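The structure under discussion appears below in the form of structure tokens.
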Amino acid sequence: MSYQTNWAEIWPWIPLLLRGLRTTLVLCVVAILITMIVALPLALMRMSRFKAMQFLAGVLIATSRSVPLYVFLLWLFYGLPLFVGIDMSPVTAGIITLVVQFSAFQAEAYRSGLLVVAKGQREAALAVGLSAAQTFFHVVLPQALRVAVPPTGNNLISMFKATSVLAVIGVVEVTRLTQSLVGTTGRPLEFYTVLTVIYIVGVGIMTAGMGWYERATRLSHEANGRKSRIRRQAPEERQQAIQP
Amino acid sequence: MRSRFEFEPQVLLPYIGYYLQGLQVTVALALAALTIALLVGLALALMSVSRFALLRAFVAGYVWIFRAIPIYVYLLWVYYGLPVMVGVNLSPVTAGLICLGSQLAAFQSEVFRASLKGVSVGQVEAAMSVGLSRLQTFTSVTFPQMVRLALPPTGSNFVLIVRETSLVAVIGVFEITRYTQLAISYNFRAFEFYSALAVLYGALVMSLSAGVSALERRFAIRAH
């Protein structure tokens, strides 16, 4: 018996799929916010004068970069609870996984931001009598964060895609929801195609949003094409930076 | 009530051979995906510098779409969705390779395109002016220089695909992650086995990354 495609069967389920998408987006936003907080000390440790700090940050970053997300998720959700004796909800395990996996990339984003803040800025701030902490929070950090926005956007997009893997431990986001709908309706082609389209459109909107944001916040001296001390990423480079 | 958990890494010992076998499959999968990606990626890169706008648009669309689709969703679509449309059942390995290969091809085509542009126009003009045909110019002037430029980023792509192979376990490909899951279903030592899995991936990826850095240093083009 051959399979008859029936795309009309999707329509009644669209509101449910959109709710799944909302869960995906909420997960992403929560995870990126935590990542942004966790990654800052990591970046500072990486740039610290103390060898031990540098080493510790290096180990953390290397680990989160080399263990695959799926494997880390399995370890965290099925393995670790046996050892520490605490059960985690799938959502908690999923968010921790995303944070651990992406804080390395986010720390890199901060580091590149911190490195481009001109040395003169710090020296000027210290010269007018600001303390080291004041210099960092009022002068260096705001400028660094500005440069870190595009790579943070990239991380958010990668995270949006990575949340799909959380379906394997039962986080009911859009992928998991689609899998149950395939089970209910017996229409894998239609529903998985819709799921694919949802991700493509989602990434498209996010990419467009980032482009718009960058154009809107570009400083005048950057728009004039004069060489700026704050090097902005070229759009091509930005595309390249998006991880699968 | 939860019984007390004892950490017993010695339960892993009888499985060392088993793990190595799984690791072999993982590396073989990654190499096969890389081979597909190299061939398809090169073709795509050449299409992207073609005179025909349609071909260039096709490549741009291909790359864009494969960047946007999560590999897990793509796997589900190819393994569960596609067969009902074309009426051919794919084995998990075939489906896994199609996914990994075609997605990596998108990234690899960008690498090739960048390295193709990195070969200076003067080289091509010089080759043409000494009477080489277009094909000869490509095979004996452009291509060798391009390979050198492309080698380090290709290495990074390989590292990436090694990590991604773990996901094909969800459609039932027996690589190291799936092997581990199977072992756990017999002995319930999830902590020991998943920890070993994470350590193995970590060691594999870190040593490959070190290899890529070495490649980068070896093939760095120094200013004269």
Side-chain angles (χ1 to χ4, degrees), chain A residues 2-5 62-63 65-85 87 157-158 160-168 174-175 178-179 182 186-193 195-204 206-207 236 239-240 242-244, chain B residues 2 4-5 7 63-74 76-85 87 103-104 106-107 110-111 114 159-167 169-170 176-177 180-181 184 188-195 197-206 208-209:
Chain A
S2 77
Y3 181 85
Q4 296 291 318
T5 53
T63 311
R65 275 190 163 175
S66 49
V67 179
L69 190 137
Y70 179 45
V71 173
F72 187 84
L73 188 66
L74 292 174
W75 178 79
L76 186 72
F77 188 65
Y78 296 113
L80 193 65
L82 293 177
F83 188 58
V84 296
D87 272 330
I157 293 178
S158 305
F160 174 61
K161 291 161 60 191
T163 46
S164 62
V165 180
L166 307 188
V168 295
V174 70
T175 304
T178 308
Q179 288 176 314
V182 168
R187 301 227 158 256
L189 177 68
E190 291 84 343
F191 279 97
Y192 285 136
T193 306
L195 181 65
T196 310
V197 171
I198 288 176
Y199 278 104
I200 293 175
V201 172
V203 172
M206 286 181 176
T207 311
E236 244 173 76
Q239 283 281 316
Q240 199 101 48
I242 299 178
Q243 299 279 324
Chain B
R2 177 188 291 280
R4 240 175 74 87
F5 176 80
F7 180 50
V63 172
W64 205 92
I65 285 181
F66 279 101
R67 265 210 195 108
I69 305 177
I71 184 85
Y72 179 49
V73 173
Y74 185 40
L76 294 176
W77 187 80
V78 169
Y79 189 62
Y80 297 108
L82 190 64
V84 301
M85 182 165 71
Q103 193 177 49
L104 190 62
F107 302 129
E110 290 289 278
V111 168
V159 174
L160 187 99
I161 211 71
V162 167
R163 277 187 299 160
E164 299 235 312
T165 50
S166 63
L167 266 180
V170 293
I176 190 162
T177 306
T180 308
Q181 291 172 327
I184 291 170
F188 307 109
R189 311 296 311 191
F191 181 70
E192 287 86 348
F193 278 81
Y194 280 136
S195 300
L197 180 66
V199 168
L200 271 176
Y201 268 113
L204 180 65
V205 170
M206 279 182 209
L208 286 173
S209 302

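If you're wondering where the values come from, they're calculated on a predicted model, not measured in any experiment. Here is the naming used below: chain letters follow the sequence lines, and residue numbers restart at 1 for every chain. Only this structure's heavy atoms are used, side chains among them; waters, hydrogens and symmetry mates stay out.
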Original post:
Between Thr165(B) and Val162(B), what is the shortest heavy-atom contact and its length?
Top reply: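 Between these two residues, the closest heavy atoms are OG1-O, 2.5 Å.
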Scanning both residues in full, the closest heavy-atom pair of Val63(B) with Ala106(B) reads CG2-O, 3.9 Å
Would you mind checking which part of [X] comes under 4.5 Å of any heavy atom in chain A, side chain (CB onward), backbone (N, CA, C, O), both or neither?
| X | result |
| --- | --- |
| Phe188(B) | backbone |
| Leu76(B) | both |
| Glu192(B) | neither |
| Ser195(B) | both |

Could you look at [X] and say if it's the side chain, the backbone, both or neither that has a heavy atom under 4.5 Å from chain B?
| X | value |
| --- | --- |
| Glu190(A) | neither |
| Ser164(A) | both |
| Thr163(A) | neither |
| Arg187(A) | neither |

Would you mind telling me which of [options] has the largest number of heavy-atom pairs within less than 4.5 Å of chain B?
| options | result |
| --- | --- |
| Val67(A), Val197(A), Thr63(A) | Val67(A) |
| Phe160(A), Trp75(A), Phe72(A) | Trp75(A) |
| Pro188(A), Gly204(A), Pro68(A) | Pro68(A) |

Would you say that [X] contacts [Y] through its side chain, given a criterion of any heavy-atom pair below 4.5 Å between the two side chains?
| X | Y | value |
| --- | --- | --- |
| Leu74(A) | Thr177(B) | yes |
| Ile200(A) | Trp64(B) | yes |
| Tyr194(B) | Val71(A) | no |

Output yes when a side-chain donor or acceptor of Lys161(A) lies under 3.5 Å from a complementary backbone atom of Arg67(B), and no otherwise. yes
